[in-house]
Amino acid sequence: MAKHFLADEMTGERGFKAEPWYNKYGDCVVFKSEDVGVVAERIDDILTLYYSIEGRRPVGFQLKGVKHLMQRHGCNTVAVTGAATENEIKISLLLMIAYDAGPRNIQRRLGYANAHEVVYPSQKPAISVDAAPVS
Amino acid sequence: MRDGYRVQAISPVNPETEHVDVVIPLDLARRWYKASSVDFDNLEIAKEVLENPLRIFEGVRDYEEGGFCYVGKPKSVYVRPKCTAPLPHDCVFTVYVNRNMRLYEIRTEAADKDEDPLSPKGWKERYGGLRWRSTS
């Protein structure tokens with residue numbers, strides 16, 4: 001395998017961290033749960049979901065225009081940290097703010113629900129609801 | 001210390017006559033190296049696409065002026081750390097560059113299977129316009 005053209009610029013160990021982070025060059029928040037190549041699927045102007053190329057599993061998302069979103073909701077800074085307690089509020093909040101910024105339709109609801117589940121995987125993400133009248 | 005690696009790419013402003021430097025920010029590359037190593041590996045593919053694009057789109061962001069998307073169809077992409085696989089036949093590889101010509105996003109996307117299989121799906125609605133297309 002040929003040497004990576006940036007190999008000499010890197011120090012320390014290669015690795016992976018499943019944590020959201022703010023990309024200042026793209027003004028976007030990115031989260032990936034696995035260190036895999038992804039196919040991006042655009043849900044709307046803000047949210048793009050990431051699926052693994054192999055197996056097409058949902059493995060992450062990108063939220064664009066984050067500064068605009070935050071300013072629109074009265075926040076002056078973007079703070080995304082690796083601490084779980086910080087993430088839990090801020091990423092959820094960002095997803096809610098982003099969802100509120102567009103039309104309410106089933107495609108967007110499913111997209112934002114998928115993004116939420118990638119960050120907060122539940123042991124039982126789906127439940128059956130009886131369609132019969134409430135008894 | 002330099003802040004970025006420069007790749008000579010076709011100028012999206014004067015595509016017929018000029019080349020420009022697209023900068024791969026080293027802090028972004030280091031972030032990927034330490035925390036998303038497949039993205040770091042795929043910088044190799046991104047460099048290839050920047051040097052030999054098939055399409056260049058302008059107007060890629062809603063809340064920020066400028067920015068370009070370079071599109072290519074590499075034979076393979078990294079799917080796991082240091083492990084490549086053929087690019088899915090219905091996909092293209094995209095490299096996003098901000099208005100300061102700094103690379104900020106690289107990824108595989110579904111292609112527009114109906115009108116132009118060498119462009120990303122939805123390109124007419126998503127971008128400001130097609131700036132350049134390869135004739136070779």
Side-chain angles (χ1 to χ4, degrees), chain A residues 1-28 30-46 48-56 59-62 64-72 82 101-102, chain B residues 1-2 4-5 7 23-45 47 60-64 67 76-88 90-91 93-94 96-98 100 102-110 120-122 125-126:
Chain A
M1 186 181 289
K3 185 179 173 183
H4 194 290
F5 67 100
L6 289 175
D8 291 340
E9 304 282 354
M10 302 296 123
T11 55
E13 293 291 311
R14 287 166 55 102
F16 177 71
K17 291 178 187 168
E19 64 180 26
W21 63 287
Y22 177 68
N23 178 342
K24 65 182 179 184
Y25 298 103
D27 183 27
C28 53
V30 177
F31 176 77
K32 278 173 70 178
S33 61
E34 297 178 36
D35 197 10
V36 293
V38 298
V39 178
E41 182 183 319
R42 186 173 178 273
I43 300 300
D44 59 24
D45 294 344
I46 303 169
T48 297
L49 292 178
Y50 293 153
Y51 293 87
S52 58
I53 293 175
E54 293 181 312
R56 299 288 167 115
V59 293
F61 63 83
Q62 179 201 55
K64 288 177 281 192
V66 170
K67 279 187 181 167
H68 172 85
L69 275 178
M70 299 303 283
Q71 283 162 5
R72 199 167 133 176
Chain B
M1 196 166 89
R2 65 182 182 148
Y5 181 93
V7 180
V23 178
I24 300 173
L26 286 182
D27 58 346
L28 180 62
R30 288 187 183 114
R31 206 281 166 194
W32 283 341
Y33 177 80
K34 289 190 177 292
S36 189
S37 69
V38 168
D39 288 321
F40 177 76
D41 292 337
N42 271 323
L43 278 171
E44 297 266 23
I45 311 298
K47 180 171 179 278
V60 299
R61 302 307 284 269
D62 284 340
Y63 303 119
E64 196 178 305
S76 61
V77 292
Y78 285 88
V79 293
R80 280 173 274 128
K82 297 184 179 178
C83 175
T84 61
L87 180 77
D90 55 352
C91 288
F93 192 88
T94 51
Y96 290 88
V97 174
N98 70 18
N100 300 318
R102 269 45 185 177
L103 176 151
Y104 67 86
E105 167 80 352
I106 58 177
R107 64 198 194 193
T108 300
E109 297 188 33
K121 182 180 170 185
E125 297 79 39
R126 292 169 58 188

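In the text below, chain A, chain B and the rest are named by the order of the sequence lines, each starting its count at 1.
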- If we only count heavy atoms from C-beta on, is the A:L6 to B:W32 side-chain gap below 4.5 Å? no
- Query: Tell me, do B:D39 and A:V38 make a side-chain contact under 4.5 Å, heavy atoms counted?
  - Reply: no
- Task: Provide the closest heavy-atom pair for B:E44 versus A:H4 in the form atom of the first, atom of the second, distance.
- Result: OE2-CA, 2.8 Å
- Task: Determine the minimum heavy-atom distance between A:V36 and B:R80, stating which atoms define it.
- Result: CG1-CG, 4.4 Å
Which atoms of [X] are under 4.5 Å from chain A, going by heavy atoms: the side chain, the backbone, both sets, or neither?
| X | answer |
| --- | --- |
| B:E109 | both |
| B:P88 | side chain |
| B:K47 | side chain |
| B:A110 | backbone |
| B:L103 | backbone |

- Message: Whether B:K34 and A:E19 form a salt bridge (side-chain N of Lys/Arg under 4.0 Å from carboxylate O of Asp/Glu) is what I want to check.
- Response: no
- Those residues at least two apart in sequence (or on a different chain) that pass ring pair (Phe, Tyr, Trp, His ring centres under 6.0 Å) with B:Y33 are B:F40
Gap separating the [atom1] atom of [X] from the [atom2] atom of [Y], nearest 0.5 angstrom:
| X | Y | atom1 | atom2 | answer |
| --- | --- | --- | --- | --- |
| B:Y96 | A:N23 | OH | CG | 13.5 Å |
| B:E105 | A:K64 | CD | NZ | 8.5 Å |
| A:Q62 | B:R107 | CD | CZ | 5.0 Å |
| B:T108 | A:Y51 | OG1 | OH | 15.0 Å |
| A:E34 | B:S36 | CD | OG | 11.5 Å |

Is it the backbone or the side chain of [X] that comes under 4.5 Å from a heavy atom of chain B, or both, or neither?
| X | value |
| --- | --- |
| A:S52 | neither |
| A:D35 | both |
| A:E54 | side chain |

- Task: Just give me the residue among B:T94, B:V79, B:L87, B:L28 that pairs up with chain A most often, heavy atom to heavy atom, under 4.5 Å.
- Result: B:V79
- Item | Pick from B:N42, B:V38, B:V77 with the largest number of heavy-atom pairs that fall under 4.5 Å of chain A | B:V38
- Please determine which of B:N98, B:V23, B:N100 meets the side chain to side chain contact (heavy atoms under 4.5 Å, CB included) test together with A:Y25. B:N98
- Item | Sequence-distant partners of A:K17, salt bridge (charged side-chain N to carboxylate O under 4.0 Å, His left out), two or more places apart | none
- Message: So does A:E9 get a backbone contact from the side chain of B:R30, meaning a donor-acceptor N/O pair under 3.5 Å?
- Response: yes
